[in-house]
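The structure appears below as structure tokens.
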Amino acid sequence: MPLRVHDTRRREKVDFTTMKPGVVNMYVCGVTVYDLCHLGHARCYLSFDLIHRWLEKSGYDVNYVQNFTDIDDKIIVRANETGEDWKALVEANIETYYRDMDALNILRADQYPRCTEFVEEMIAISSDLIEKGNAYVADDGVYFSIESAAEKYGMLTGQNIDAVRSGAGGRVQGTGSTKRDHKDFALWKSAKPGEPTWDSPWGPGRPGWHIECTAMSMDAFGEQFDIHGGGHDLLFPHHEAEIFQGECHTGCSPVVHHWLHNGFVNIDGEKMSKSLGNFWTIEDILEKIDPLVLRLSLINAHYRSPIDMNEQLLKDAAKNHEKILNCYRAALELRAENAVPLPEGDLASKIPLVKSMALLEMMAQGFAKAMDDDFNSREAIAKVLAAIREMGKMFSVLDGDDVEAFANFAVEWLEDTAGDVLGILPTRDLTLAEPEDDPRKAEIADEVEELLARRATARAAKDWEAADSIREELNRLSVEIIDTPNGTTWDLAP
RNA sequence: GCACGGGUGUCAGAGCGGCUAUGAGCGGGAUUGCAGAUCCUGAGACCUGAGUUCAAAUCUCAGCCUGUGCUCCA
């Protein structure tokens, strides 16, 4: 079954094709680095991380480019507010961007170009657009003239230029700009006092926002490429501006073969915004919850649907994540490197085993089918959850060589799907880590072990009252214990 | 106003012409000293109206409700 993707421009799911067989050139709009990353950024880059991972799993060689917007009004304003050098501000925020995204197990892109490195290219494109009659020089900069390519208006949002034309005029007045039409957007902004500037044929100034992505994607891929992604708020005007610039400059239509946009994150039913005070930075959330739980909660919906983030959602995700990890841990503990490969040996006695493996194969196919259907991670997660139930059943039914071999199979199954594609599995070492490996746990380990030993003695003597009171004592230390047939294990309470 | 989405059980959230989604929560049961984890199992749904069809959450039309964009925003 071929990969299908929803293309915003065509407004439907289409078969995914690439310009060059086996190679995907993908550009995703990055962050403007003036502040910490928030939940919305997490969702966006998580969405494209899944797309990135699935394309690679499908055998494509993916060239993933994501930019940093490192000069912009907001950066200048923020730097002025704090008295910090804007370059230092940019560097600091790029650092925290990497820190947050790494925590969420988002694979790095292949390139992270910064727009200040492409000022020359942007000037060249702007000059070309002026020559072609698609742009003009005004008092305060260079503007792209929408009317010069009116047929390209509304490509992504479906807006009708005639409806917008009728409202023109009023807003241009009073801004001090000599831009001809309120729909026109800036390619170059003339310098204002106290701002960082670059030289240009139109005097000192700095590039407009939209032109950077055209310059950087062209630098990376040439005139046309396969996927352009971003948040669904970038549809207008940013991505439509790119269509104007890119197509007029290159003469190619389309420049972008597949436009992909991710949905937004709401908080408790309201749009996330600073003014509402419900603005969640990744840094804040990760103080409270496991990054992989946050990751699971955000990929637990189709990437185009809006997500309403709330406590219940995180609770569900934590619970599911734990289930998956319990299964993964059990599989890792039960497996044996040298187990007899399956299915081999006396097949007649292994019918349940063979059936179960066939069932899991089908689930793996279901997983692939879900991902092939416009990266339906929610459906894919459902397959993983169904699979771990099957695995849990088999772990308790099988024994001996069979369980070892089946566990090998299960480890591979899980790493192939939940690990490589969904990115929600910790490393094998972390999954099997003993309490002592965590410094917070190491601190209390001796005390806990001593209490556990006393409890074990009490339990052996069937003194349940004493055993339970020791457990309560452990609970007061935020320690959770679990009795298993092989002894008692413990962990810090979540 | 214009544009683009969405309305599925208590909640989250897939499916989008015929087939148990899945998970949380709730109800039984197995296991367990108890708890936890695990497994088995039950109840519970497709906004309204009309149409197409042998068959409609699923397609068409109308209505109602709701989200988002149209200004910087992932």
Side-chain angles (χ1 to χ4, degrees), chain A residues 8 11 28-32 34-35 37-48 66 69 72-74 77 154 156-164 166-167 171 182-183 209 229-238 240 261-266 269-274 296-297 300-302 304-310 312-324 326-327 329-330 366 370 373 376-397 458-459 462-465 467-468 471-472 475 480-485 488-489 491:
Chain A
T8 311
R11 262 166 254 226
V28 175
C29 285
V31 283
T32 301
Y34 73 106
D35 206 345
C37 292
H38 55 69
L39 255 190
H41 297 114
R43 153 94 124 149
C44 176
Y45 301 113
L46 232 25
S47 297
F48 287 98
Q66 188 191 130
T69 297
D72 166 89
D73 289 342
K74 289 192 291 295
V77 168
L156 299 178
T157 58
Q159 295 176 94
N160 181 326
I161 191 160
D162 292 324
V164 183
S166 59
R171 272 197 284 176
H182 81 286
K183 298 190 294 304
W209 174 40
H232 129 114
D233 56 323
L234 296 181
L235 248 36
F236 184 93
H238 186 55
E240 291 202 350
H261 293 94
N262 67 277
F264 260 39
V265 179
N266 297 324
E270 282 182 308
K271 184 183 166 171
M272 181 168 72
S273 81
K274 286 184 177 167
L296 179 60
S297 74
N300 202 205
H302 185 93
R304 282 189 289 116
S305 311
I307 284 186
D308 186 25
M309 180 51 72
N310 54 54
Q312 184 60 41
L313 202 70
L314 290 173
K315 229 177 97 186
D316 274 16
K319 191 102 185 172
N320 281 143
H321 192 247
E322 200 191 338
K323 281 169 80 119
I324 294 168
N326 284 339
C327 179
R329 187 179 301 113
D373 183 13
N376 192 337
S377 53
R378 171 65 216 206
E379 180 68 16
I381 290 167
K383 298 296 178 197
V384 171
L385 291 169
I388 63 168
R389 197 153 75 169
E390 176 63 20
M391 290 171 188
K393 187 167 70 184
M394 294 310 284
F395 288 155
S396 58
V397 167
R459 290 181 75 212
K462 294 198 191 298
D463 183 355
W464 309 129
E465 217 172 288
D468 288 348
R471 178 160 59 198
E472 271 168 41
N475 287 157
E480 244 176 25
I481 59 171
I482 299 168
D483 294 325
T484 75
T488 303
T489 64
D491 199 350

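In what follows, every chain begins at residue 1, and chains take the letters A, B, ... in the order their sequences are listed.
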Does Trp464(A) have a side-chain nitrogen or oxygen under 4.0 Å from the phosphate oxygens OP1 or OP2 of rA35(B)?
no
To the nearest Å, how far apart are Arg329(A) CZ and rA37(B) C1'?
10 Å
State the syn/anti category of rA30(B) according to its glycosidic angle, syn meaning within 90° of 0.
anti
Let's see if you can work this out: which of rC16(B), rA74(B), rG13(B) has an atom nearest to the side-chain heavy atoms of Ala301(A)?
rG13(B)
For Phe395(A), which contact category applies under a 4.0 Å heavy-atom criterion: base, sugar-phosphate, or nothing?
nothing
Ignoring hydrogens and angles, answer whether the base of rC34(B) and the side-chain atoms of Asp483(A) contain a donor-acceptor pair closer than 3.5 Å.
yes
With a 3.5 Å cut-off and heavy atoms only, can you find an N or O donor on one side and an acceptor on the other between the side chain of Asp316(A) and the base of rG23(B)?
yes
Using Watson-Crick geometry (N1-N3 plus N6-O4 or O6-N4) or G-U wobble (N1-O2, O6-N3), each under 3.5 Å, rU53(B) is paired with none
Distance between C1' atoms of rA62(B) and rG25(B) (Å, rounded)
38 Å
Rounded interatomic separation in angstrom, taking CG from Asn326(A) and P from rU38(B)
6 Å
Of all the heavy-atom pairs spanning Leu234(A) and Cys29(A), show the shortest one and how long it is.
CD1-CB, 3.6 Å
Rounded C1' spacing from rC2(B) to rU60(B) in Å:
24 Å
When all nucleic acid strands are considered with a 4.0 Å heavy-atom cut-off, which category describes Ile481(A): base, sugar-phosphate, or nothing?
base
I'd like a table of donor-acceptor pairs (distance under 3.5 Å, sequence neighbours excluded) in which one partner is a side-chain atom from residues 313-321 of chain A, with atom names and distances.
| residue | atom | partner | partner atom | Å |
| --- | --- | --- | --- | --- |
| Asp316(A) | OD1 | Gln312(A) | NE2 | 3.0 |
| His321(A) | NE2 | Ile424(A) | O | 2.8 |

In whole angstroms, how far is the C1' atom of rG67(B) from the CG atom of Asn262(A)?
16 Å
Would you say the side chain of Tyr45(A) lies within less than 4.5 Å of the side chain of Val28(A), judging by non-hydrogen atoms?
yes
With respect to the side chain of Arg459(A), which nucleotide from rG36(B), rG23(B), rC34(B) is positioned closest?
rC34(B)
Whole-Å gap separating C1' (rA14(B)) and CG (Leu385(A))
12 Å
Close side-chain approach of Leu39(A) to Met309(A), heavy-atom, < 4.5 Å:
yes
Residue pair Leu296(A) / Ile381(A), side-chain heavy-atom distance below 4.5 Å
yes
Less than 4.0 angstrom between a side-chain N/O of Arg389(A) and OP1 or OP2 of rU38(B), yes or no?
no
Nearest to the side chain of Lys271(A) - rG36(B), rC16(B), rU68(B)?
rU68(B)
Going by purine N1 to pyrimidine N3 plus the second Watson-Crick contact, or the G-U wobble pair, all under 3.5 Å, which nucleotide sits opposite rC46(B)?
none
Determine the Euclidean distance between corresponding C1' atoms of rA57(B) and rG69(B); express it in Å to zero decimal places.
28 Å
Atom NE2 of His182(A) and atom P of rC70(B) are separated, to the nearest Å, by 13 Å
Arg304(A) CZ to rG13(B) C1': how many Å, rounded?
15 Å
Interatomic distance at P, rG9(B) relative to rG5(B), whole Å
23 Å
If we take the C1' atom in both rG13(B) and rG6(B), what is their distance in whole Å?
13 Å
side-chain contact (heavy atoms from CB on, under 4.5 Å) with Val31(A): which of His41(A), His38(A), Gln66(A)?
His41(A)
Before giving the answer on side chain to side chain contact (heavy atoms under 4.5 Å, CB included), spell out for Lys323(A) and Ile388(A) the whole-Å C-alpha distance, their side-chain angles and the decisive distance to 0.1 Å.
CA-CA 8 Å; Lys323(A) 281 169 80 119; Ile388(A) 63 168; 3.9 Å; yes
Side-chain touch Lys393(A)/Arg389(A), heavy atoms, less than 4.5 angstrom:
no
When rounded to whole Å, the CG to C1' distance for the pair Leu235(A) and rU68(B) reads 10 Å
rG25(B) - base-pair partner by Watson-Crick or wobble geometry, distances under 3.5 Å
none
Within the pair Asn376(A) and rG15(B), is there a side-chain N or O less than 4.0 Å away from OP1 or OP2?
yes
Is Lys319(A) close enough to rG25(B) that one of its side-chain N or O atoms is under 4.0 Å from OP1 or OP2 there?
yes
Kindly point out which of rA24(B), rU68(B), rC40(B) is positioned nearest to the side chain of Lys393(A)?
rC40(B)
Proximal nucleotide (of rA74(B), rA12(B), rC4(B)) relative to the Met272(A) side chain
rA74(B)
Euclidean distance, atom NE2 of residue His232(A) to atom P of rC73(B) [Å, nearest integer]:
14 Å
With a non-hydrogen cut-off below 4.0 angstrom, is His261(A) in contact with a base, only sugar-phosphate, or nothing?
nothing
When the C1' atoms of rC64(B) and rC47(B) are considered, how many whole Å apart are they?
8 Å
Any stacking of Phe236(A) on rG69(B), going by centres under 5.5 angstrom and planes within less than 30 degrees?
no
Tell which nucleotide pairs with rC16(B), taking only Watson-Crick or G-U wobble pairs whose two distances are both under 3.5 angstrom.
none
With a 3.5 Å limit on both atom pairs, tell me what rU68(B) is paired to, counting Watson-Crick and G-U wobble, or say none.
rA3(B)
In whole angstrom, give me the gap between the P atoms of rG27(B) and rA43(B).
16 Å
Could you tell me whether Val384(A) contacts a base, only the sugar-phosphate backbone, or nothing, with contacts defined as non-hydrogen atoms closer than 4.0 Å?
nothing
With a 4.0 Å cut-off on heavy atoms, is Ile324(A) in touch with a base, just the backbone sugar-phosphate, or nothing at all?
nothing
Contact class for Glu379(A) vs. all strands (heavy atom < 4.0 Å): base, sugar-phosphate, or nothing?
base
5' precedence on RNA chain B between Ala382(A) and Gly231(A) (nearest-nucleotide basis)
Ala382(A)
Does Lys323(A) put a side-chain nitrogen or oxygen below 4.0 Å from OP1 or OP2 of rA24(B)?
yes
Using the P atom as the reference point in each nucleotide, state the distance between rA21(B) and rA37(B) in Å, no decimals.
26 Å
RNA chain B nearest-nucleotide lookup for Gly40(A) and Ile482(A): closer to the 5′ end is Ile482(A)
Can you check whether any acceptor in the base of rG33(B) is under 3.5 Å from a donor in the side chain of Asp468(A), or vice versa?
yes
For rA30(B), the Watson-Crick or wobble partner whose two distances fall under 3.5 Å
rU38(B)
When you measure from the side chain of Asp373(A), which nucleotide among rG69(B), rA74(B), rG15(B) comes out closest?
rG15(B)
Please find the pair of heavy atoms, one from Ala458(A) and one from Ala467(A), that lie closest to each other, and give the distance.
CB-N, 4.0 Å
NA contact type, Gly30(A), heavy-atom cut-off 4.0 Å: base, sugar-phosphate, or nothing?
sugar-phosphate
